[in-house]
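Remarks on the structure that follows.
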There are 2 protein chains.
Amino acid sequence: MENLTRRQQEIYDYLVENAKLFDHPPTHDELCRALGLTSRGSLHKHIQALVQAGLVEPLDRSRRGIRLVEQRDREQGIPFLGTIAAGRPIEAVPQPEYMQVPDELLGGKSCYVLKVRGDSMIEEGILDGDFVVIERRDSADNRDIVVALVNNEEATLKRIEQKPGQVILHPANAGMQSMSYAPHQVQIQGVLRALLRSYR
Amino acid sequence: MENLTRRQQEIYDYLVENAKLFDHPPTHDELCRALGLTSRGSLHKHIQALVQAGLVEPLDRSRRGIRLVEQRDREQGIPFLGTIAAGRPIEAVPQPEYMQVPDELLGGKSCYVLKVRGDSMIEEGILDGDFVVIERRDSADNRDIVVALVNNEEATLKRIEQKPGQVILHPANAGMQSMSYAPHQVQIQGVLRALLRSYR
DNA sequence: AGAATAGAGAACGAATGGAGAACAGGCAAC
DNA sequence: GTTGCCTGTTCTCCATTCGTTCTCTATTCT
């Protein structure tokens with residue numbers, strides 16, 4: 001979206017205000033009077049600029065033909081749900097905050113964010129304190145890194161290996177061991193899609 | 001990045017203040033009045049210096065055409081400049097793309113993005129293919145991870161240790177060795193602030 | 001002295017904001 | 001119907017402001 005000039009901004013602001021007060025958008029003449037213009041022609045150029053900027057919808061040649069484009073609710077990001085630490089349930093934050101994540105990283109899928117506690121995946125470059133972006137899924141491909149709920153009580157971030165009648169969760173830490181479960185003990189809650197780390 | 005002169009700093013500070021108060025940047029004339037100048041021509045030279053320093057975005061010949069780079073970052077993301085591989089100069093992409101990065105990760109500083117090639121920082125959880133967010137700076141604290149230009153020809157991402165008369169760059173890979181240089185051989189180009197990884 | 005920094009002022013071209021005429025389509029009153 | 005009137009659109013023309021470029025000068029620091 002391009003930048004508006006002073007005058008264009010002024011007109012847009014007026015339209016927004018006006019929309020709150022009246023059902024109908026103003027005519028060009030009304031706009032001219034409100035803004036101190038004497039020529040509809042001049043005004044029209046500004047309106048066109050607003051159309052170009054995608055802020056206004058043109059209703060060709062119809063009267064009061066200025067509609068504000070619905071401001072697409074600014075994307076508030078994806079929810080930050082809490083902390084995941086191996087051996088515990090996900091510790092949810094009381095009121096979910098939201099985090100702006102680059103679209104490139106999540107590819108239009110439904111995702112959420114967790115903060116990693118612990119070193120169980122350190123050899124995969126997932127460190128204590130990192131934020132992981134998880135795609136909501138209840139199944140995963142083999143070798144995916146997943147959020148798994150084990151025995152309905154503890155949640156972990158592990159690489160998954162699914163064999164017939166057996167599910168193995170592999171940590172990436174030489175000091176820890178892979179654990180094997182029966183399929184019904186392990187519920188997949190999502191698949192790792194991206195990782196964010198702050199060095200602040 | 002070069003140092004600003006007194007006057008340039010003054011102008012930059014004014015622009016930052018102004019940006020908080022108004023939607024639109026000032027015209028050159030307004031700037032002149034605010035700073036006690038009578039000639040736009042003089043001001044223009046200073047603005048050019050700020051553009052050169054990467055603090056201001058030039059909007060050629062358009063009015064009120066002074067955008068703080070910081071502000072642009074918020075709107076369209078921060079520039080993805082290219083690839084950094086130990087032992088080579090930064091390989092720039094032809095036309096810089098932009099990447100939307102969560103504000104939380106960069107804290108209002110002027111930053112850019114590089115893609116990491118190689119395993120030199122693998123033990124710090126920085127893997128081949130990761131994207132690193134770098135704050136533009138020409139100095140760093142000890143133990144910071146920095147983008148350093150060595151002998152004006154090769155760029156690397158390393159942890160820095162600055163001693164009197166000596167600069168040591170530490171990789172995080174047991175198979176590699178720390179390198180020691182004279183201070184004038186090493187030019188800091190930025191400090192690691194965040195990391196993004198995609199598992200797609 | 002020479003370089004770096006700072007400023008003045010003129011001059012040019014482009015962006016902006018505006019005026020007004022002319023045309024076209026819809027709507028209501030006649 | 002058709003006759004005006006209101007309104008949106010298109011067009012040309014104009015004035016001012018503003019960014020840029022240029023040359024010339026002053027000050028400060030090394």
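Lettering of chains follows the sequences in order, A, B, ..., and the numbering in each one begins at 1.
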Query raised in the report: With sequence neighbours left out, which residue pairs that include part of residues 119-164 of chain A fulfil the ring pair (Phe, Tyr, Trp, His ring centres under 6.0 Å) condition?
Result: A:Phe80-A:Phe131
Query raised in the report: Quick one: what's the B/S/- string for nucleotides 18-29 of chain C, heavy-atom cutoff under 4.0 Å, read 5' to 3'?
Result: BBB----BB---
Query raised in the report: When you check the phosphate oxygens OP1 and OP2 of D:dG8, does a side-chain N or O of A:His44 lie under 4.0 Å from one of them?
Result: no
Please list each protein N or O that sits under 3.5 Å from an N or O in nucleotides 28-30 of chain D, with the distance.
none

Report summary line: By side-chain hydrogen bond (donor to acceptor under 3.5 Å, both in side chains), A:Gln9 pairs with (sequence neighbours left out) A:Asp13
Report task. Report the residues that fulfil salt bridge (charged side-chain N to carboxylate O under 4.0 Å, His left out) with A:Glu97, sequence neighbours left out, ordered by chain and then residue number. Result -> none
Query - Phosphate-side-chain proximity, B:Thr5 and C:dA4, N/O vs OP1/OP2 below 4.0 Å - result: no
Report summary line: A:Gln48 CD to D:dC11 P, in whole Å, measures 11 Å
Query raised in the report: With sequence neighbours left out, which residue pairs that include part of residues 162-174 of chain A fulfil the side-chain hydrogen bond (donor to acceptor under 3.5 Å, both in side chains) condition?
Result: A:Glu161-A:His170, A:Gln166-A:Ser180, A:His170-A:Ser178
Report task. Go through the structure and list residues passing salt bridge (charged side-chain N to carboxylate O under 4.0 Å, His left out) with A:Asp144, not counting sequence neighbours. Result -> none
Query - Between C:dA14 (C1') and B:Arg64 (CZ): distance, integer Å - result: 16 Å
Requested in this report: Return the value, rounded to whole Å, for the distance between atom CD1 of A:Ile47 and atom P of C:dG17.
Outcome: 13 Å
Report task. Apply side-chain hydrogen bond (donor to acceptor under 3.5 Å, both in side chains) to B:Tyr199 and list each qualifying residue two or more places apart in sequence or on a separate chain. Result -> B:Arg197
Report summary line: Quick note, salt bridge (charged side-chain N to carboxylate O under 4.0 Å, His left out) partners involving residues 166-176 of chain B, not counting sequence neighbours, are none
Query - Members of residues 24-34 of chain B that approach DNA chain D, where some heavy atom sits under 4.0 Å away - result: B:Thr27, B:His28, B:Asp29
Query raised in the report: Quick one: side-chain hydrogen bond (donor to acceptor under 3.5 Å, both in side chains) partners of A:Glu17, sequence neighbours excluded?
Result: A:Lys20
Query raised in the report: Can you name the nearest heavy-atom pair linking B:His28 to B:Leu43, along with the distance?
Result: O-CD2, 3.3 Å
Query - Length of the line joining A:Leu4:CG and C:dG17:C1', which is rounded to integer Å - result: 15 Å
Query - Pairwise side-chain hydrogen bond (donor to acceptor under 3.5 Å, both in side chains) hits with a residue in residues 45-55 of chain A, at least two apart - result: none
Query raised in the report: Salt bridge or not for A:Glu30 and A:Arg33, using N-O below 4.0 Å?
Result: no
Query raised in the report: Just how far, in rounded Å, is P of D:dG19 from CZ of B:Arg67?
Result: 12 Å
